[in-house]
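Scroll down for the structure; my scribbles are underneath it.
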Amino acid sequence: MSDVNDTKLQPAVFFLTGILGQEDVHVWISIPFCLTYVTSIFGNTLILFIIKTDPFLHEPMYIFISMLAITDLGLTISTLPTTLGIFWFNSREISHDACFAQLFFISSLSYTESSVLLSMAFDRFVAICNPLRYASILSPTRIAKMGLVSLLRGAVLVFPLPVLLKQYRYCHANILSHSYCLHQEVMTMACSDIRVNIIYGFFVTVSSAGLDVLLILLSYVKILKTVLSITSHAQRLKALNTCVSHVCVVLLFYATLISLSVIYRFGKNFSPLVKIVMGHVYLLVPPLMNPIVYSLKTKHIRVRIIRLFVK
């Protein structure tokens with residue numbers, strides 16, 4: 001009976017954590033975080049502005065790049081308030097409802113980004129393996145449907161997770177090791193049976209990110225077969241060059257996603273600092289690097305940026 005009473009007395013809040021053991025220098029640590037957020041927001045907004053204002057970039061490949069930029073902006077904005085709130089104002093408390101909402105947006109946008117990367121792989125597959133039908137297959141209507149399906153897929157798959165979390169009782173310390181709410185960690189704060197969350201979370205990861213990786217790999221196997229059948233060496237390089245940006249972004253996104261998943265599922269002996277660092281790398285690095293990769297490796301975007309700033 002006392003256990004129940006103690007549970008009821010627990011405040012309906014979680015306590016977020018910045019960089020463990022470095023609380024005295026959080027203000028200084030906030031500088032690189034702030035620069036990262038500003039650069040991510042500016043870079044992705046710039047990509048969107050350039051593609052929006054240049055009619056020559058209203059092609060399927062650039063529309064998919066716009067979708068990726070929008071998703072990255074969403075991921076960046078999802079963690080910005082709590083992260084900078086901790087570093088600047090030591091604002092560590094977050095209500096259960098706000099926490100569940102944040103982890104919903106983080107998870108759903110992550111799986112949406114995975115779907116967008118798959119759509120981009122399909123775009124490169126059609127452009128190289130079936131170029132004559134490229135415009136008819138990737139029509140504006142079909143691209144819009146692909147974007148909508150990517151968004152709905154992420155939201156629908158993730159929605160049960162915060163709903164389940166809201167039903168649980170929380171009687172542990174409720175101190176999270178990140179500056180934002182991550183599903184893998186929040187569910188461990190519950191003193192209820194969380195096997196449903198564990199099983200369903202694993203199902204979502206495998207059926208979305210896992211399936212997407214497999215399909216992207218198959219797409220590039222087909223692309224390589226087609227490219228190798230081209231007799232002209234120059235044409236081979238030209239075809240492969242159109243895929244370089246996408247390959248870099250795919251490797252960056254899935255490397256951080258898989259690393260974080262492995263750490264939480266199998267890395268019980270890892271240092272807490274490793275989890276904290278990987279958690280920030282997972283959510284901050286891809287949105288920061290994606291616009292840089294596309295600005296450097298995509299000629300039309302690079303030229304447009306140069307024209308915008310050098311007149």
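- Going from atom CD1 of I194 over to atom SG of C191 covers 10.5 Å, rounded to the nearest 0.5 Å.
- Side-chain atoms of T45 never come within 3.5 Å of backbone atoms of F42 as a donor-acceptor pair (strictly under, hydrogens ignored).
- The distance from atom OH of Y62 to atom CE of M67, rounded to the nearest 0.5 Å, is 15.5 Å.
- Looking at every heavy atom in both residues, L138 comes nearest to I143 through O-CD1, 3.6 Å.
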Begin with the C-alpha distance, continue with both residues' side-chain angles, and end with the deciding distance and a verdict on side chain to side chain donor-acceptor pair (under 3.5 Å) for Y168 and N197. CA-CA 11 Å; Y168 296 154; N197 268 67; 2.7 Å; yes
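- For the pair H183 (side chain) and F104 (backbone), a donor-acceptor distance under 3.5 Å is absent.
- Note: F33 and H280 meet the aromatic proximity criterion, with ring centroids under 6.0 Å apart.
- Between S295 and R302 the shortest side-chain heavy-atom distance does not fall below 4.5 Å.
- Heavy atoms only, all atoms of each residue included: C248 and V293 are closest at CB-CG1, 4.1 Å.
- Atom CD1 of residue I198 and atom CE of residue M187 lie 5.0 Å apart, to the nearest 0.5 angstrom.
- A distance-only check finds no donor-acceptor pair linking the side chain of D123 to the backbone of P60 [under 3.5 Å].
- In this pair, F100 and F14 present their aromatic rings perpendicular. The plane angle is above 60°, beyond the 30 to 60° band.
- Grouping the Ile, Leu, Val, Met, Phe, Trp and Tyr side chains by contacts below 4.5 angstrom, directly or via other members, places V126 apart from L228.
- A donor-acceptor pair under 3.5 Å is formed between the side chain of S115 and the backbone N or O of Y111.
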Report the C-alpha separation of M189 and L176 in whole Å, then their side-chain angles, then the decisive distance to 0.1 Å, and conclude whether the side-chain contact (heavy atoms from CB on, under 4.5 Å) test is met. CA-CA 8 Å; M189 297 290 106; L176 304 176; 3.7 Å; yes
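- Side chains of Y282 and S110: a donor-acceptor N/O pair is present below 3.5 angstrom, by distance only.
- Inter-residue side-chain proximity for H96 and K166 is flagged as unmet; no heavy-atom pair is nearer than 4.5 Å.
- Minimum interatomic distance between Q184 and T188 (heavy atoms only, all atoms of both residues): O-CG2, 3.5 Å.
- Between the side chain of E185 and the backbone N or O of C181, no donor-acceptor pair lies under 3.5 Å.
- Closest approach of E113 to D72, counting heavy atoms only: OE1-OD1, 2.7 Å.
- Follow the hydrophobic side-chain contacts under 4.5 Å out from V156 and you never reach M146; the two are in separate clusters.
- When the options V158, T205, L157 are evaluated for a side chain to side chain contact (heavy atoms under 4.5 Å, CB included) with Y200, the one that passes is L157.
- F253 and P286 make their closest contact through CA-CG, 4.5 Å (heavy atoms, listed as atom of the first residue, atom of the second, distance).
- Within the 4.5 Å cutoff, no side-chain heavy atoms of V13 are placed close to those of C99.
- Side chain of T83 to main chain of L80: no donor-acceptor pair is present (N/O by atom type, distance under 3.5 Å, no hydrogens or angles).
- The distance from the OG1 atom of T17 to the OH atom of Y180 is 12.0 Å, given to the nearest 0.5 Å.
- Distance CG/L118 to OG/S208: 11.0 Å, rounded to 0.5 Å.
- Under the 4.5 Å side-chain heavy-atom criterion for ILVMFWY residues, a single connected hydrophobic cluster contains both L218 and I216.
- Residue V206 is not grouped with residue L257 when hydrophobic side chains (ILVMFWY) are merged at heavy-atom distances under 4.5 angstrom, including chains of intermediate members.
- Between the side chain of R304 and the backbone N or O of I50, no donor-acceptor pair lies under 3.5 Å.
- The shortest side-chain heavy-atom distance between L224 and L240 falls under the 4.5 Å cut-off.
- Residues Y254 and S114 bring a donor and an acceptor atom of their side chains to less than 3.5 Å of each other.
- Heavy atoms from other residues, nucleotides or ligands lying under 6.0 Å from NE2 of H300 number 12 at most.
- No side-chain heavy atom of L57 sits less than 4.5 Å from a side-chain heavy atom of I63.
- With hydrogens and angles disregarded, no donor-acceptor distance shorter than 3.5 Å links the side chain of S78 to the backbone of I106.
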Start with the C-alpha distance between Y37 and T79, add both sets of side-chain angles, then the distance that settles side chain to side chain donor-acceptor pair (under 3.5 Å), and finish with yes or no. CA-CA 10 Å; Y37 279 122; T79 61; 3.0 Å; yes
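- Side-chain contact between I65 and N290 is absent, with no heavy-atom pair separated by less than 4.5 Å.
- At a threshold of 4.5 Å between non-hydrogen side-chain atoms, the residues P291 and L46 do not count as touching.
- Of the inter-residue distances, the one linking L288 atom CG with T76 atom OG1 reads 8.5 Å to the nearest 0.5 angstrom.
- Just one of F122, Y220, Y294, F125 meets the ring-ring contact (aromatic ring centres under 6.0 Å, His included) condition when paired with H246; it is Y220.
- For the pair H58 (side chain) and I51 (backbone), a donor-acceptor distance under 3.5 Å is present.
- The main-chain N or O of T36 is never found under 3.5 Å from a side-chain atom of T39 such that the two would form a donor-acceptor pair.
- Contact check for L73 versus L48: side-chain heavy atoms found under the 4.5 Å cut-off.
- The existence of a salt bridge linking D212 and R153 is confirmed by a sub-4.0 Å separation between a basic side-chain nitrogen and an acidic carboxylate oxygen.
- Looking at every heavy atom in both residues, F159 comes nearest to V163 through O-CG2, 3.3 Å.
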If you apply the rule side-chain contact (heavy atoms from CB on, under 4.5 Å), what do you find for T298 with T242, and how did you get there? CA-CA 8 Å; T298 307; T242 64; over 6 Å; no
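- Within 6.0 Å of CZ on F105 lie no more than 12 heavy atoms contributed by other residues, nucleotides or ligands.
- Side-chain contact check for Q102 and T82: at least one donor-acceptor pair (N or O, by modelled atom type) lies under 3.5 Å.
- Linking ILVMFWY side-chain heavy atoms closer than 4.5 Å, directly or via other members, places V227 and V221 in two distinct hydrophobic clusters.
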